[in-house]
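Nothing here was measured: the structure is a model prediction, and the numbers come from that model. In what follows, residues are counted from 1 in the order of the sequence shown. Just so you know, ligand 1 is whichever comes first in the structure, and atom 1 is the first atom listed for that ligand.
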Amino acid sequence: KRAKDAGLAQTMVYTNDLAADVRSRARLLHSLRSGYESGQFFLAYQPQIDLVDERLIGAEALLRWRAADGTMIPPASFIPIAEKSGLIVDMGRWLLREALLARHRLSAATGSELRMAVNVSAVQVRRPDFSSMVIEVLRETATPAAALEIEITESVAIAGIEAVIAQFAALRQLGVTVALDDFGTGYSSLSYLERLPIDRLKIDRSFVLGLEFDQGQRIARTIIVLGKEMGLKIIAEGVESPALRDRVVEIGCHEAQGYHFARPMIEREFIDWFQRRQVNPG
Ligand code: C2E
Ligand code: CA
Ligand code: CA
């Protein structure tokens, strides 16, 4: 099974290591489920900034898991398991609701209608009821559709491009926007980009880091040209320093998130951060 997951024509040798890995995966899935049921999951919100006026425009919701023994387990280790087990479908609905309820409170606290970006897995999009689920949660939380941005990666295309187009058509008609995350790091072809129903390209952190070097600027610049050519808005992630912020602006990108502005924060910290920033801008 592992060999199949790795792709065609792969061989895997069964070792004790692999057995240990399978056991620890099973254990992780067990604690994932019980952790979810006992409320160990919460969201952190990372501000998104308009680089022209440094104004807060929104936030990306990022899932956090504090396990029973207090350790924080990174999403990169548990999301794939939540996806494989299908738990991500339940969790995805729950976290969308959480994020949109928080959006109301954060908008009230900051005095502007914030946009909330929520990450969505291919497993979720593949469900025929995905768009109706989103519409239901928008209604339940009384959220204007335009205040929700859904972040997908190129991997959603594996759900079948036709299915993806159908799912997002209804949502975008309502005003929900779609951002393509991690663009350029996957394997899909540029022809997907043309067909994917998206509004915004998110420049991956790896390309933003490359802006520090002359050579590294080329990919980020090209992504921006490509995105603009296709009528897409652009946001940069992983802006960690004032120098990178300046580079990002120089190459024509006007929205960003990253440690330079703020790390992902729980709701209370987010509001504190905002208030500190009002008093002491820059
Ligand atoms: P992502 O969607 O690309 O999220 C951005 C990641 O970059 C986050 O890591 C964030 O904390 C980190 N980051 C933000 N600014 C900076 C920076 O300036 N420098 C550096 N080095 N890192 C920065 P995180 O929270 O560990 O999330 C990792 C990945 O887990 C996400 O990547 C996303 O693919 C997945 N994930 C997180 N939450 C969810 C969720 O609710 N649903 C789904 N399906 N996936 C999620
Ligand atoms: Ca994301
Ligand atoms: Ca990303």
Side-chain angles (χ1 to χ4, degrees), residues 32 35-36 40-49 51 58-66 71-100 102-103 115-127 130 133-134 137 148-156 158-159 177-186 198-212 220 223 234-245 247-248 253 255-266 269-270 273:
L32 194 63
Y36 176 53
Q40 290 169 4
F41 286 84
F42 59 95
L43 289 171
Y45 303 97
Q46 184 174 39
Q48 297 185 330
I49 306 292
L51 296 175
E60 177 180 5
L62 292 154
L63 192 55
R64 293 290 176 261
W65 181 16
R66 184 177 288 111
T71 51
M72 294 298 300
I73 309 202
S77 3
F78 69 80
I79 299 265
I81 297 172
E83 287 172 344
K84 276 201 170 159
S85 63
L87 186 61
I88 196 73
V89 173
D90 253 27
M91 282 183 120
R93 187 187 211 284
W94 165 79
L95 77 85
L96 177 61
R97 195 182 146 83
E98 285 288 297
L100 294 181
R103 192 205 71 87
R115 172 174 88 210
M116 183 61 76
V118 175
N119 294 283
V120 155
S121 297
V123 185
Q124 291 172 270
V125 176
R126 211 181 292 149
R127 307 261 309 185
F130 173 74
M133 179 279 284
V134 173
V137 176
L148 171 63
E149 180 150 283
I150 294 181
E151 292 196 7
I152 58 172
T153 63
E154 292 163 295
S155 73
V156 300
I158 64 166
T177 55
V178 180
L180 185 59
D181 205 352
D182 304 343
F183 176 67
T185 63
I198 54 176
D199 303 281
R200 197 181 310 275
L201 275 187
K202 215 166 172 179
I203 306 181
D204 190 68
R205 189 163 74 235
S206 55
F207 305 128
V208 171
L209 286 175
L211 291 176
E212 301 230 42
I223 292 176
I234 319 270
I235 186 166
E237 70 174 10
V239 175
E240 292 186 355
S241 64
L244 282 180
R245 190 243 351 249
R247 289 291 103 71
V248 162
C253 172
E255 291 185 7
Q257 64 186 89
Y259 295 169
H260 166 63
F261 306 102
R263 296 191 174 238
M265 299 167 283
I266 56 168
E269 292 170 336
F270 191 109
W273 165 85

Side chains of [X] and [Y]: does their closest heavy-atom pair fall under 4.5 Å?
{"X": "L51", "Y": "F261", "result": "yes"}
{"X": "E154", "Y": "D182", "result": "no"}
{"X": "R245", "Y": "I49", "result": "no"}

Is there a polar contact, in the sense of an N or O pair closer than 3.5 Å, between [X] and ligand 1?
{"X": "E240", "value": "yes"}
{"X": "E151", "value": "no"}
{"X": "Q257", "value": "no"}
{"X": "Q124", "value": "no"}
{"X": "E83", "value": "no"}
{"X": "L63", "value": "yes"}

Backbone of D90 reached by a side-chain donor or acceptor of Y36 within 3.5 Å
yes
N/O donor-acceptor pair under 3.5 Å between D199 side chain and V178 backbone
yes
Going through the distances and angles, do V120 and F130 end up as a side chain to side chain contact (heavy atoms under 4.5 Å, CB included)?
CA-CA 10 Å; V120 155; F130 173 74; 3.8 Å; yes
Full working for side chain to side chain contact (heavy atoms under 4.5 Å, CB included) between L244 and L209
CA-CA 8 Å; L244 282 180; L209 286 175; 4.2 Å; yes
For the residue pair [X] and [Y], what are the closest heavy atoms and their distance?
{"X": "V89", "Y": "V123", "value": "CG2-CG1, 4.3 Å"}
{"X": "Q46", "Y": "F270", "value": "C-CE1, 4.3 Å"}
{"X": "M91", "Y": "A82", "value": "SD-CB, 4.3 Å"}
{"X": "E240", "Y": "H260", "value": "C-CB, 3.4 Å"}

Ligand-side contact atoms (ligand 1) for residue partner [X], heavy atom cut-off under 4.0 Å:
{"X": "D181", "result": "1 (P), 2 (O), 3 (O)"}
{"X": "D182", "result": "3 (O)"}
{"X": "L95", "result": "41 (O)"}
{"X": "E60", "result": "2 (O), 4 (O)"}
{"X": "G258", "result": "15 (N), 18 (O)"}

Considering only protein heavy atoms, which is closest to [atom], and at what distance to one decimal place?
{"atom": "atom 22 (N) of ligand 1", "result": "Y259 OH, 3.2 Å"}
{"atom": "atom 15 (N) of ligand 1", "result": "Q46 NE2, 3.0 Å"}
{"atom": "atom 36 (N) of ligand 1", "result": "I79 CD1, 3.9 Å"}
{"atom": "atom 31 (C) of ligand 1", "result": "L62 CD2, 4.4 Å"}
{"atom": "atom 6 (C) of ligand 1", "result": "R205 NH1, 3.6 Å"}
{"atom": "atom 44 (N) of ligand 1", "result": "S121 OG, 2.9 Å"}
{"atom": "atom 29 (C) of ligand 1", "result": "P75 CB, 4.4 Å"}
{"atom": "atom 40 (C) of ligand 1", "result": "N119 CB, 3.8 Å"}

With the Ca ion (ligand 2) as the apex, the OD2/OE2 angle for D181 and E60 - to 10°
170°
If you round to 10 degrees, what value do you get for the angle at the Ca ion (ligand 2) between E151 atom OE1 and N119 atom OD1?
90°
Under 4.0 Å from atom 9 (O) of ligand 1, can you find at least one protein heavy atom?
no
Any protein heavy-atom neighbour for atom 34 (O) of ligand 1 (distance below 4.0 angstrom)?
no
Counting heavy atoms only, which of E98, R263, E237, M72 is nearest atom 5 (C) of ligand 1?
E237
Which residue from P264, S77, A256, P80 reaches closest to atom 11 (O) of ligand 1 through any of its heavy atoms?
P264
Of all the heavy atoms in M91, does at least one lie under 4.0 Å from an atom in ligand 1?
no
Taking the cut-offs as 6.0 angstrom to the six-membered ring centre and 45 degrees off its axis, would you call R263 and Y259 a cation-pi pair?
yes
Atom name in D182, limited to N/O/S, at shortest distance from the Ca ion (ligand 3)
OD1
Ion pair check, E60 and K202, cut-off under 4.0 Å
yes
Let me confirm one number: the CD1-CG distance from I152 to L180, rounded to the nearest 0.5 Å.
5.5 Å
If the plane angle is over 60° it's perpendicular, under 30° parallel, otherwise tilted; pick one for W65 and F41.
parallel
Are more than 12 heavy atoms, taken from residues, nucleotides or ligands other than R115, located less than 6.0 Å from that residue's CZ atom?
yes
